[in-house]
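What follows is a set of notes on a single structure, which appears directly below.
Computed from heavy atoms alone, side chains included, the values below leave out hydrogens, waters and symmetry copies. Just so you know, ligand 1 is whichever comes first in the structure, and atom 1 is the first atom listed for that ligand.
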Amino acid sequence: KTPPDKLSMDEFLVDALKGSVILGEARNLACLVKTWKEDGLSSKAKPQEINENEGVLLIEKLKAVDYEYREDIHWTKFQGLLGTGSFGEVYKMEDKQTGFQCAAKKMRIEHFREEELTTCTGMMHENILPLYGAVKEGLWITIFMKLMEGGSLGQLLKQSGYLPEDRALHYLGQALKGLEYLHTHNVLHGDVKADNIVLSGDGNHAVLCDFGHAAHLHPDTMGNYLMTGDYVPGTETHLAPEVVMGKRCNAKADVWSSCCMMLHLLNGCHPWTRYYNYPLCLKIAKEPPPLREIPTSCHPSTAHVIKAGLEKEPAKRASAAELRLKANRALKHVGGLKSPWRSEYREPR
Ligand SMILES: CN1C=C[C@@](O)(C#Cc2ccnc(-n3nc(C(N)=O)c4cc(F)ccc43)c2)C1=O
């Protein structure tokens with residue numbers, strides 16, 4: 001055990017945090033989560049850790065009591081799932097002391113990737129889901145986040161069949177704003193899709209969520225990231241060609257996925273699936289981009305957005321910032337956001 005005077009500040013903080021739940025800052029949480037994977041692997045050996053409770057809460061409305069924050073004692077889940085994220089279930093929860101309600105994603109420690117938290121701690125943007133904290137209780141990790149009453153875009157799509165062009169462009173533009181922010185901070189989201197966009201109560205404000213596939217991009221290697229090690233690929237129909245070919249990839253992989261999501265919003269079905277059977281990886285690598293899936297009814301500017309985001313060559317593909325400008329221009333060309341957010345069901349195309 002390193003003597004305290006030899007620890008770095010972060011290691012010192014983690015040493016102090018172990019075994020407690022405190023109200024703290026994003027960087028405290030980022031340090032602590034790095035120890036959870038090791039605990040997950042080794043805790044089978046140490047039964048006393050089975051009931052250990054530690055973590056960092058980032059807002060005052062979530063109140064630890066005597067350095068503990070335990071399910072059913074200090075907070076409680078509402079019945080029924082809000083949704084399922086990568087390797088976890090998402091519930092509405094309530095703090096028993098303050099009555100504050102938010103969303104909570106609960107998962108086994110074996111499925112926890114530290115990047116889910118290290119990539120979103122400290123992220124503050126109107127199109128990124130705010131993180132409220134995370135605690136470990138035995139072999140379970142619970143991540144707290146802002147509750148979005150409008151549910152997910154994936155759920156809206158299931159209820160609507162497919163979305164009108166103006167609404168699809170509106171959500172694509174907001175997702176691209178969130179991606180632009182993440183990419184500026186050298187973070188790859190890794191699983192951009194309708195299920196990972198959640199909506200405000202009026203359906204007009206969309207935020208990106210689920211950092212379970214996220215990765216830190218290292219600017220020195222031109223931000224190119226090798227999807228290896230514990231990387232878990234995102235949704236197959238939305239994977240970029242460079243990802244399915246196991247090449248080094250960068251933020252442009254999220255841009256490709258955002259346009260696969262756009263096709264899903266406009267058609268009501270995932271790209272590739274109407275023309276090919278699984279596994280799709282070989283088709284995504286070999287075939288031209290799925291531009292034939294752009295509805296013929298779309299405005300030329302909308303088709304231009306999707307073409308710019310579905311360039312197979314990452315270097316030729318538009319960046320999130322460039323594509324956002326194109327999406328906003330296309331939204332103007334189709335007359336702006338006019339369609340209501342919930343409307344009669346449209347049979348998928
Ligand atoms: C900041 N942060 C922390 C954890 C995180 O990686 C996640 C997630 C995730 C995954 C899938 N689904 C939802 N999800 N969240 C809500 C909500 N907040 O209200 C929600 C509501 C639904 F109706 C369906 C799924 C939902 C949230 C992340 O991004």
| message | Suppose we measure from atom 23 (F) of ligand 1 to each protein heavy atom; which comes out shortest, and what is that distance? | response | Q155 OE1, 3.1 Å

| message | I need the nearest protein heavy-atom contact for atom 26 (C) of ligand 1: residue, atom name and distance, please. | response | V198 CG1, 3.7 Å

| Do side-chain atoms of T142 reach the backbone of V135 as a donor and acceptor pair under 3.5 angstrom? | no

| message | With a sphere of 6.0 Å drawn around CD of E60, does it hold more than 12 non-hydrogen atoms of other residues, nucleotides or ligands? | response | no

| What protein heavy atom sits nearest atom 11 (C) of ligand 1, and how far away is it? | G85 CA, 3.4 Å

| task | Identify whether the distance between the nearest side-chain nitrogen and carboxylate oxygen of E71 and K106 falls below 4.0 Å. | result | yes

| Those atoms of ligand 1 less than 4.0 Å from some heavy atom in I143 | 3 (C), 4 (C)

| request: Among all protein heavy atoms, pick out the one at the shortest distance from atom 6 (O) of ligand 1; state its residue, atom name and that distance to 0.1 Å. | output: E116 OE2, 2.6 Å

| Considering only heavy atoms of C209, which atoms of ligand 1 have at least one such atom less than 4.0 Å away? | 9 (C), 13 (C), 27 (C), 29 (O)

| field | ligand 1 to L208 polar contact by distance, N or O atoms, under 3.5 Å | value | no

| query | Does K146 reach ligand 1 with a nitrogen or oxygen that is under 3.5 Å from one of the ligand's nitrogen or oxygen atoms? | reply | yes

| remark: In ligand 1, the atoms that come under 4.0 Å of a heavy atom of L147 are 19 (O)

| request: Can you pull out the closest protein heavy atom to atom 19 (O) of ligand 1? Residue, atom name and distance to 0.1 Å, please. | output: M148 N, 2.8 Å

| said: Between E25 and R27, does any NZ, NE, NH1 or NH2 come within less than 4.0 Å of an OD or OE carboxylate oxygen? | reply: no

| request: Would you check whether G151 has a nitrogen or oxygen atom less than 3.5 angstrom from a nitrogen or oxygen atom of ligand 1? | output: no

| request: Indicate yes or no: does K177 engage E126 in a salt bridge with an N to O separation below 4.0 Å. | output: yes

| task | Identify the protein heavy atom lying closest to atom 24 (C) of ligand 1, giving its residue, its atom name and the separation to 0.1 Å. | result | L82 O, 3.3 Å

| task | Among all protein heavy atoms, pick out the one at the shortest distance from atom 28 (C) of ligand 1; state its residue, atom name and that distance to 0.1 Å. | result | D210 N, 3.6 Å

| query | Got a salt bridge between K77 and E89, using NZ or NE/NH1/NH2 to carboxylate O under 4.0 Å? | reply | no

| field | Nearest neighbour in protein (non-hydrogen) for atom 12 (N) of ligand 1 | value | V90 CG2, 3.7 Å

| field | Pair D72 + R70: basic N to acidic O under 4.0 Å | value | no

| field | Within the 6.0 Å centroid threshold, strictly below: F144 and F100 | value | no

| query | Does the pair K193/D210 count as a salt bridge with the N-to-O cut at 4.0 Å? | reply | no

